[in-house]
S.K.: 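Pasting a structure here, questions to come.
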There are 6 protein chains.
Amino acid sequence: MERCAYVAGCDGVSTVRAAELLGIEPSGTIPHSLVLLLGSATEALRAFDEVIERKFPRVALVDTFGDEKFESLEAAAALENPPAAVRLDTPASRRGDFGEILREVRWELDTHGYGGVGIFVSGGIDEEAILELNDFAAGYGVGTRIAGAPPVDFALDIVEIDGDAIAKRGKESGRKDLLRCESCRRRIIVPAETEERLCECEGRFDELLEPLVSGGERAAAAPQLADIRTHAASEIAGLGLSIC
Amino acid sequence: MERCAYVAGCDGVSTVRAAELLGIEPSGTIPHSLVLLLGSATEALRAFDEVIERKFPRVALVDTFGDEKFESLEAAAALENPPAAVRLDTPASRRGDFGEILREVRWELDTHGYGGVGIFVSGGIDEEAILELNDFAAGYGVGTRIAGAPPVDFALDIVEIDGDAIAKRGKESGRKDLLRCESCRRRIIVPAETEERLCECEGRFDELLEPLVSGGERAAAAPQLADIRTHAASEIAGLGLSIC
Amino acid sequence: MERCAYVAGCDGVSTVRAAELLGIEPSGTIPHSLVLLLGSATEALRAFDEVIERKFPRVALVDTFGDEKFESLEAAAALENPPAAVRLDTPASRRGDFGEILREVRWELDTHGYGGVGIFVSGGIDEEAILELNDFAAGYGVGTRIAGAPPVDFALDIVEIDGDAIAKRGKESGRKDLLRCESCRRRIIVPAETEERLCECEGRFDELLEPLVSGGERAAAAPQLADIRTHAASEIAGLGLSIC
Amino acid sequence: MERCAYVAGCDGVSTVRAAELLGIEPSGTIPHSLVLLLGSATEALRAFDEVIERKFPRVALVDTFGDEKFESLEAAAALENPPAAVRLDTPASRRGDFGEILREVRWELDTHGYGGVGIFVSGGIDEEAILELNDFAAGYGVGTRIAGAPPVDFALDIVEIDGDAIAKRGKESGRKDLLRCESCRRRIIVPAETEERLCECEGRFDELLEPLVSGGERAAAAPQLADIRTHAASEIAGLGLSIC
Amino acid sequence: MERCAYVAGCDGVSTVRAAELLGIEPSGTIPHSLVLLLGSATEALRAFDEVIERKFPRVALVDTFGDEKFESLEAAAALENPPAAVRLDTPASRRGDFGEILREVRWELDTHGYGGVGIFVSGGIDEEAILELNDFAAGYGVGTRIAGAPPVDFALDIVEIDGDAIAKRGKESGRKDLLRCESCRRRIIVPAETEERLCECEGRFDELLEPLVSGGERAAAAPQLADIRTHAASEIAGLGLSIC
Amino acid sequence: MERCAYVAGCDGVSTVRAAELLGIEPSGTIPHSLVLLLGSATEALRAFDEVIERKFPRVALVDTFGDEKFESLEAAAALENPPAAVRLDTPASRRGDFGEILREVRWELDTHGYGGVGIFVSGGIDEEAILELNDFAAGYGVGTRIAGAPPVDFALDIVEIDGDAIAKRGKESGRKDLLRCESCRRRIIVPAETEERLCECEGRFDELLEPLVSGGERAAAAPQLADIRTHAASEIAGLGLSIC
C-alpha cells in the first residue's frame, strides 16, 4: 500500500518497514503518546525539538488535550522559531464543521503574526475532505482511505483464435488498440491496426498498450521506482489537477 | 418570551429584567467573559464559588479554552466538593457528534469517581437535540429556539347571525363546542349544545371553551402566573411526556 | 411586529392600536363580517362605498359566498366607477392552483373591460406565494407569515482584553470591522483598523458598524421611524429587487 | 369503454349511443350548459324537476357559479322535497383539499337538516381520489380515467411441439395449468396435468383456463352481458372490497 | 389503434385485418413459432427467403435460442446476400443493458464486414427506449406501448350565450382563437377576432381552428387517410425531430 | 486475499499459487477459453469429462455462445451422467433480471428431469446478489468483491500511564475489557476488572481479548490455518446465518 501511495505522488510514508522496502527515509510527526507521557503538547514539541535532527521540520500536534485554536497559538510560540506547521488530528466527535475550525485556526495564527506556520491535517481524511480543506491546509496525513482503494475489476479474455475475431458474448471480439489523444487526453478503443487518425480536437493519438511479454520472454526491464513516480507525476500534471 | 417559557415549565430565566417582570429570581451560570478575564475555567469556578451565596448550585463552564473531557475532569476536582454540574456550550464547529462527546464526558466523570456531577448543555439546543441528548444531559439552557416558536395561525370569524348558522366558504357555520375526553384526551369539535356523549374510549368529554367576556365585562379575573404554570404542568403531565 | 413590517417597506398596517403606536393611519379593506351581515359581497361593497371617505380606495372582497370569477365581475360592475381592486382571500381548501385562479380572474376582468381593476391577495401569503403570484397580483395582505420571522441568532462575546486579542474557541479573536462595498455590496469582516483596501470589483468599502454607546452615554439620538423606513427602502432598492 | 365499465360494476353510462349498444337506459345529471342558459343552479334544478320523469333521481349541479357550500344549501332547499344528491364537479384550480371541501359540505347539509342529501362527485376522479373521498361521497362520475386503463400486455407463444416442451428463451416451456385456490384465491401456474394438490391454506385449487376453440369450432356460446356483469360482481365480492 | 399509429408516421402494421381496414399491405417479420418449428434461426431465415416474394426485405429473428451476438453473425452469413436487418426481441430478463447489447452487435457486424445489415428492435419498446437505442437501431416494432396512449382529457363547454361571454368557474369565457406562429410554432389562445399581431419571434400567427359543422351540415369532406398521414408527417417534420 | 476468503469459509480458491501457499488443492471449472477453442460448450464439457480425474465434479459452463436455458439443457444431456452443475457467468449486459433467469433455468432443468443438476453462479457476485439468488443457486464463484473488503479502521492509543487512566480527547481512558455474552452474543465494553455480571438475557459474559505479547515474548503459538477456519465456521454458525 505504501508503495502505491508513494508512486502516485505522496511525499512520504510513516511505516518504517515500508520505507525500507521502498528505499526511502520514513517520515512522521509527534505521536499522541509523547504528548500524553509528557502531559502537554508544548512539552512534547520542545522535547522533540531538542532531540530530533534539525533537518526534520517541526510539526506540533495540537489536538490531544485542548482546543485547536489555543493549542495552535501556544505551539506557534513555544520554540525560538515558529514550527513549520501545526497538526490537527481532531477526533470525529469534535469535527462539526472541520473547514470552519481550520479557517479559525488560520485566522488566529495570522492575527498573532504566525502566517508562516502551516496547517497539517490527519485523521479519517479522504478525497472529499481534501477538496473541502485545501483552502486552509498545507498538507495531509492519510491512512485508512489510501489503503482501501477499490480493486480494479479486470478479466483476461480470448478475443482472437488463429487470426479470427471471436469472443464470448458480452465481450467485443478482435484485437484492439487503446489510444489516447496527446492533446485532449481522450481515450478510445479501436480495432488493432486501425489507420492512425486525428482526434476531434485535431490532436494525434498515442498508443497506450505496450508488449510486456514477447516470445515467452519479458519484453523490457521493469522500470525503477523513481521512474514510475516521475511518470505518475507527469501524468497527473497532464490532468490539470493539483495534488499535495 | 421568558413568560411563555416559564409558564410552560422551564425552571428559570436568565434575563434580569424578565425575572423582575415575572416576580421570580433570575438564574444563570458562569459566563464566558469571566473565564476569559481570569484566564482559566478552573479559576473562574473558584472565584464564583468564593463569592456567590451557597444556595446557588455550582455549575462549571468547560468549553472556553480546552476540550470538554479534560476541562470537565479539572472542574470536577477544582473545589472542595464536586460542583453540581459541568456546562458544555460547545461551539457548532466542534460539535461533530455531540451525543458522543456527552457520552465520553459521562464515562470520564464516572471512571474518575464523579458520578454525582451532572452535565448541563447549552448553545443552539432545540427539541431534536434534547431528544438525542437526554441519556446524558441533566439540564439544558435554551435561548434562540425557545424565543422563535412559530406563531399560532388563527382568525376571528362570524359563524352565526341572529341564531342562523352562516359562515364564509371554507369555514364551518354555527356555534361549536370544543370537547376533550378526560380519559384519552382526544379533542373533537361538535355543534354547540350537542347532547353530551361518550368518547370511543368510554371517557367523558369536558368542555374546553370558557367565556372570557360576558355582557361587555371580563367574565372572570385573570389567573395568576403560578396558577397558569401549575395548570400547564398538570396538562403536560397528562400527556405522559417528561420535560426538564 | 407591525413596526418591523412598516419599517421594512409594507404600505400600511390594519391593527388600529399598532397604527397609533406608529403614528400612521390604519388601513384595511372590507371584512367578511360585513359581507355576511349584509348577505352579499355587492351589497357590502356598495355600503362601504356610500359611507367611507372618498380618499380611501374601494377594494371589493370577493371570496365569501361565491366563486372568485363571478364575484370579481359583479364587483367590477357594482359601483358607478370600477373599484380599485378586488381582494381574493380564497380559503386553502379551494386553492388548488391559486396562480391559475388569478390568471383566470385577470382574463375575465380584461375580457369584460375592467383592465384597470387590480387584484389584491390575502390569506396565508408568504414569500414563496408572492414570487408565484406577482404576474397577476397588484398587492398583498400578509399576517401570520410576517409575524413569524425566525429570530436572529446572536451572541455577545468578549474578543479582546486590555488590547490582547482573545476569544472563546469557536469565536474569532480581536476587534473587527464589518465593511460593505459601496458598489457590489459584498460584505467582509476584517481585523479592526485594517488599512482600507479596494473590493475585487474596484469599489470602495464602507464601514457598517457605528458606536451606539460611548463613555457610558448614548452616542447619538435614536433615528425617527420615517428615517428608518427611508433608509430600509434605499437599502432594498440597492438590492435590485422589487417589493410591493 | 362503456361496455367494460358497465361489466365491471359501474351503475350506468351517460353516452346515449353506448347505452343503446349495451341495451340499457342511459343515465346522467344536469349539464353545465343548462345552468349557464338558465343563469342559476337553482333554476336549472327546478326546470329539471319540472320536466323530467319522477323515476329519475334529482341531482343538483352545484359548481357552476358559486361555492360548493352555499350552492349545496340552496339546492337542498330549492324543491319541495330535498334532491337525492348534490353533484360537485369542482374545477382543478379550486380543488385545494377536495376531501376538506366535501367534509365541509357534509357538515353544512347535516347542520341544516339535509342529512339525506348525498354528495355525488365528478371531474378527474381516479382510484386514488375515490379512496380519499369515500368517507363523504355517495357516488362518482368517472370519465377519462376509466377510459384510459393501461392495455394488458400479453403475447401468444408456442410452448410445446408434438408433445415436446420447448419455448423461446425467456419463456417457460411446456403446457401449463392456471389454478386458483377457491378459499384464499391465490393463483399458481403449474405444468399441465399436475396431480391436484391442496393450497397452503388447505383450500382446493380450481382450474381457471377453459377451452375457447375445440376442433376449429367455438367451444361454447359467448356469455350474455348480464351474465358477465354478474360474474364480475361475484368475483369482486370475493375480493372483500367494496365498489360503488 | 393501428390507424392512429399509421397516420402518425409508423411505416406499417402487422395485423392483417387492420391493414385491410386501412387499405394498405400488412407487414411483419419471421415469428418465433417458425424458428421453434424448424429448430434454428438460420433454418427459419432460409425458409423465409425461399418462399417469400423478393420485394419483402429479409429480417432475421435472432433471439429465440442463442445470444444476440452469435445469432446475428450467423444470420448475416446465412443467405447469399446479407439480410436487410437482424431483429432483436430480447426477453426482459436478459436485457440488462440493452443499449450495450446493441452496441456490441453493431461492433461485431461491422468487424465482420456486415456494415449494411441494420438492427431492428422489438419487445416492450417505448419512447424512452427509442431515445436510448437510436444510435444503433434502424427500426422498431412497437405493440403494447403504442396501443396504450393515455386518453386526451377534453370537455365540451359553453363559453358564450347570445354573444355574451360566460363560462362555468374554472373555464375562461368568450370565443377564442387558437393561433400558432408559422415560424417558431409557439401556440397561444386569444379572444376571438383579436387583431392579428406578430409573434415575439416576428413570425406571423396562423389560425389552427377550422369549422367542422356549419348550419347543421358538415363543413367539408373528411380528409383521406393518405392526406392525414402526409399532414402529420409535415407537422412532425416542422418540430425538428426525427422519427423512424 | 485467498487466505482470508478460505479462512472465512469459502470452499476453495482457483489461483494455483495461492492454493500452494495455503497448502490446499486449487479448484475451478471449465474456462471460457476452452469453449472458444473447441467452438462449443458441449464439446468443452465432453473434453473436460474425458481428461479430468473423476474425483473432480463436472460443472458445465453455459454462457459463452448461447442462452442459459438452452445451453443448460444441452449440458445436462451431454454426458452419460448429468453433470454436478451448470455454471452461469452471464455478462452484465444480458443480466436484466438475473433471479428470473435462474428461476427459468431451474424450471427447465426440473421439467426435463434434471432436478439433480445444480446451478453455480459467477461474475460480479456480491453479498446483495447472493441474498437474491440463494433460492436457485447452489454455489458461487466470487472474485473482485471478496478481494475488495473495506479496510478495518483501527488505531493504537495509550489509555493508561502508570496506572492512571488518561487518553487523548475523543478516546475513552483506562484499560477496558471486551465481553461477549455466550448466549445472545451481545458485545459490551467495560472498564478492566469490572466484576463479572450477567447479560440482560441472563447469559454469562466471556472475555474476548487475549494477550498476544507478554514480557516481550509471544504469548502463545500462532494457530494453524485449519484451526482458524474451524473457529471462523463455529463463530459464523453461532450467528444463525447460512453461508455457502
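Chain identifiers are assigned alphabetically (A, B, ...) following the order of the sequence lines, protein sequences preceding nucleic acid strands; residue numbering begins at 1 within each chain.
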S.K.: Taking C-beta and beyond as the side chain, do L133(C) and I125(C) meet within less than 4.5 Å on heavy atoms?
M.R.: yes
S.K.: Could you tell me if the side chain of I30(B) sits less than 4.5 Å from the side chain of V59(B), heavy atoms only?
M.R.: no
S.K.: If I measure from the heavy atoms of chain C, does A167(B) come under 4.5 Å with its side chain, its backbone, both, or neither?
M.R.: backbone
S.K.: Are there any donor-acceptor pairs closer than 3.5 angstrom between chain C and chain B, and if so, which ones?
M.R.:
unit_1	atom_1	unit_2	atom_2	d
H32(C)	NE2	K168(B)	NZ	3.4
D63(C)	O	R169(B)	NE	3.0
D63(C)	OD2	K168(B)	NZ	2.6
T64(C)	O	R169(B)	N	2.9
G66(C)	O	R169(B)	NE	3.2
E68(C)	OE1	R169(B)	NH2	3.2
E68(C)	OE2	R169(B)	NH2	2.3
D89(C)	O	K168(B)	NZ	2.9
D89(C)	OD2	K168(B)	NZ	2.9
T144(C)	OG1	D153(B)	OD1	2.6
D153(C)	OD1	T144(B)	OG1	2.6
K168(C)	NZ	H32(B)	NE2	3.4
K168(C)	NZ	D63(B)	OD2	2.6
K168(C)	NZ	D89(B)	O	2.9
K168(C)	NZ	D89(B)	OD2	2.9
R169(C)	N	T64(B)	O	2.9
R169(C)	NE	D63(B)	O	3.0
R169(C)	NE	G66(B)	O	3.1
R169(C)	NH2	E68(B)	OE1	3.3
R169(C)	NH2	E68(B)	OE2	2.4

S.K.: Using every non-hydrogen atom in the two residues, find where G118(C) and A138(C) come nearest and quote the distance to one decimal.
M.R.: CA-CB, 4.5 Å
S.K.: Less than 4.5 Å to any heavy atom of chain C: does that hold for the side chain of L37(B), its backbone, both, or neither?
M.R.: both
S.K.: I need the minimum non-hydrogen distance between A8(C) and I236(C), along with the two atoms involved.
M.R.: O-CD1, 3.3 Å
S.K.: List the atom of A75(B), the atom of A60(B), and the distance in Å for their closest heavy-atom pair.
M.R.: CB-CB, 3.5 Å
S.K.: Count the heavy-atom pairs under 4.5 Å between each of I158(B), L36(B), I166(B) and chain C, then report the option with the highest count.
M.R.: L36(B)
S.K.: Could you tell me which non-hydrogen atom of A147(B) sits nearest to which non-hydrogen atom of P151(C), and how far apart they are?
M.R.: C-CG, 4.3 Å
S.K.: Return the minimal non-hydrogen interatomic distance between P31(B) and L61(B), and the atom names on each side.
M.R.: C-CD2, 3.7 Å
